[in-house]
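First listed ligand is number 1; within each ligand, the first listed atom is number 1. We use all heavy atoms of the structure for the numbers below, so side chains are in, but hydrogens, waters and symmetry mates are not.
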Amino acid sequence: MSHIRLIATAKANTNIALIKYWGKRDEKLILPMNSSLSVTLDNFYTITTVEFTDTLTEDKLIWDQAPGNYEELIKISSFLDIIRKKSGINLHAKVITENHVPTAAGFASSASGYAALAAAATKALGLNLSHKELSIIARQGSGSACRSVYGGFVEWQKGSMEDGSDSYAYQILNENAWNITILSVMVASGQKKVSSRDGMKRTVETSPFYKGWLSTVNEDLEEAKKAIRNRDFVSLGEVVERTALKMHATMLGAIPPIIYLESGTLEVMNRVQELRQNGFPAYFTIDAGPNVKVLCQPENESRIKQALMELGSVQKVISCNPGEGVRYLSEHLV
Ligand code: PMV
């Protein structure tokens, strides 16, 4: 008897938010309180193969060549349920995923992970989705994943519908339209992190500053979009740095406070501001962790990289440029 085997592989790059998403208005559908904007990175990515088959009695996860952990499998299974429901095909799946994202160093792989998983699973089940539809699905795995469907500079519009049908990402500029450098600066860290999911929830529920975040994030987003369209690096950098600090300020007001900034983080922030005073335009942004991303122009990359590497707390600096959106591969990981 021959078995059913529906298989596809997709590759998705991670992205870094220039205007952050911080706070959900719907936890289950992952609907954000504010719109956000990101750049997809060329060097950090996930490749995922999904194989739906009638030979399995439950979903299976292979994560970087080892059995995936149980909590991750539960999350992935309920995400696959959304896709199974949409396609009407109720088969269990084997998910094999390879992360080329320095997760051990605190870089999140959830954006590239859920974008690749959404693409591979929908393709395997024969759903030919538009980028917009794929973005809506990826969003339900991890909010930032909806932006990784596209390359280059991307906006996730928050939408206002209760069912999430207008909460998806779209491309502002493709990856070849404007070249900037994004340096990922890893700093020594001793702290255990609060997940972005828990951090956002606590901020929305308890921080008196959260209202302030919501009252200016739209202006910041408009300013950033304008700067991207005009290829105006300095204007982009200024708003990116300012908005990241505002997001961290909201968290400092949460009860109990959420402090992602560590001494190494502050050391890098100071050096970036010093570089600027010395005529090298560079701007930082920081997510839910101690590492720093530094934006600079490609012509200043090596000088800035060197200045950051000199710092005692800096362990590694990896440079990226704007990268591509989701693509399908013909070779599978099985
Ligand atoms: O989508 P999540 O759960 O990985 O959260 C992303 C949170 C930030 O990275 C801090 C901001 C963002 O917009 O990517």
Side-chain angles (χ1 to χ4, degrees), residues 12-41 44 46 71-72 75-76 78-79 99 101-103 105-118 135-150 153-159 164 167-169 172 182 184 193-204 207 210 213-214 217-218 220-221 224-225 239-252 254 258-261 265 284-293 295 320:
N13 291 25
T14 188
N15 70 77
I16 166 79
L18 302 175
I19 303 290
K20 313 290 179 189
Y21 138 57
W22 198 250
K24 294 179 179 65
R25 63 174 200 279
D26 184 312
E27 294 277 332
K28 190 168 177 294
L29 288 172
I30 313 197
L31 298 176
M33 295 287 268
N34 64 277
S35 297
S36 58
L37 189 150
S38 61
V39 58
T40 303
L41 305 182
F44 297 161
T46 299
E71 273 159 37
E72 206 59 55
K75 263 191 81 181
I76 285 176
S78 59
F79 180 69
N99 287 291
V101 180
T103 34
F107 286 93
S109 62
S110 64
S112 54
Y114 277 97
L117 180 62
S135 178
I136 289 176
I137 293 193
R139 188 201 74 222
Q140 296 170 66
S142 167
S144 54
C146 78
R147 300 184 307 234
S148 273
V149 168
Y150 304 85
F153 296 86
V154 180
E155 177 180 351
W156 171 12
Q157 53 176 41
K158 71 183 181 78
S167 186
Y168 54 85
I172 298 172
I182 306 98
S184 293
K193 273 206 319 181
V194 177
S195 70
S196 54
R197 182 179 289 252
D198 295 345
M200 289 182 196
K201 193 163 189 288
R202 197 192 299 169
T203 309
V204 174
S207 176
Y210 192 68
W213 164 255
L214 289 181
V217 68
N218 267 336
D220 290 347
L221 182 87
K225 274 197 319 205
V239 69
V240 163
E241 199 170 289
R242 190 182 338 126
T243 185
L245 289 171
K246 285 193 224 175
M247 178 186 78
H248 284 274
T250 67
M251 303 180 201
L252 296 175
I258 303 155
I259 311 176
Y260 289 116
L261 314 176
T265 319
F284 60 74
T285 184
I286 306 141
D287 287 321
N291 296 315
V292 185
K293 312 284 184 326
L295 305 186
C320 290

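With hydrogens and angles disregarded, a donor-acceptor distance shorter than 3.5 Å links the side chain of N13 to the backbone of L41.
Near A17, the atoms of ligand 1 lying under 4.0 angstrom from a non-hydrogen atom of the residue are 12 (C), 13 (O), 14 (O). Within ligand 1, counting atoms from 1 as listed, the ones closer than 4.0 Å to a heavy atom of S144 are 1 (O), 2 (P), 4 (O), 14 (O). Close approach of ligand 1 to G143 is summarised as follows: ligand atoms under 4.0 Å from at least one heavy atom of the residue are 1 (O). For ligand 1 and M200, the ligand atoms under 4.0 Å from any heavy atom of the residue are 5 (O), 7 (C).
For E71, the CD atom sits in a loose shell: 12 or fewer heavy atoms of surrounding residues, nucleotides or ligands are nearer than 6.0 Å. Crowding of K201 atom NZ: a count of heavy atoms from other residues, nucleotides or ligands under 6.0 Å not exceeding 12.
Considering only heavy atoms from C-beta on, S112 stays 4.5 Å or farther from F44 through its side chain. Using a 4.5 Å heavy-atom cutoff, the side chains of I76 and Y114 are in contact. Under the 4.5 Å side-chain criterion, counting only non-hydrogen atoms from C-beta, W213 is in contact with N34.
Contacts between R147 and ligand 1 below 4.0 angstrom, taking non-hydrogen atoms only, involve the side chain exclusively.
When only interatomic distances are considered, the shortest N/O to N/O separation between R197 and ligand 1 does not fall below 3.5 Å. In terms of polar-atom proximity, N15 is not counted as a contact of ligand 1, lacking any N or O under 3.5 Å from an N or O of the ligand. Ligand 1 has a nitrogen or oxygen under 3.5 angstrom from a nitrogen or oxygen of Y21.
By the 4.0 Å heavy-atom criterion, S142 is counted among the residues contacting ligand 1. Put simply, part of W22 is less than 4.0 Å from ligand 1, judged by heavy atoms.
Between R25 and the options I30, L31, V204, a side-chain contact (heavy atoms from CB on, under 4.5 Å) holds for only L31.
If you check each of G289, S196, S110 against atom 5 (O) of ligand 1, the one with the closest non-hydrogen atom is S196.
For the residue pair T40/N15, the side-chain donor-acceptor check at 3.5 Å is not satisfied.
In this structure, the protein non-hydrogen atom closest to atom 8 (C) of ligand 1 is D287 OD1, 4.0 Å.
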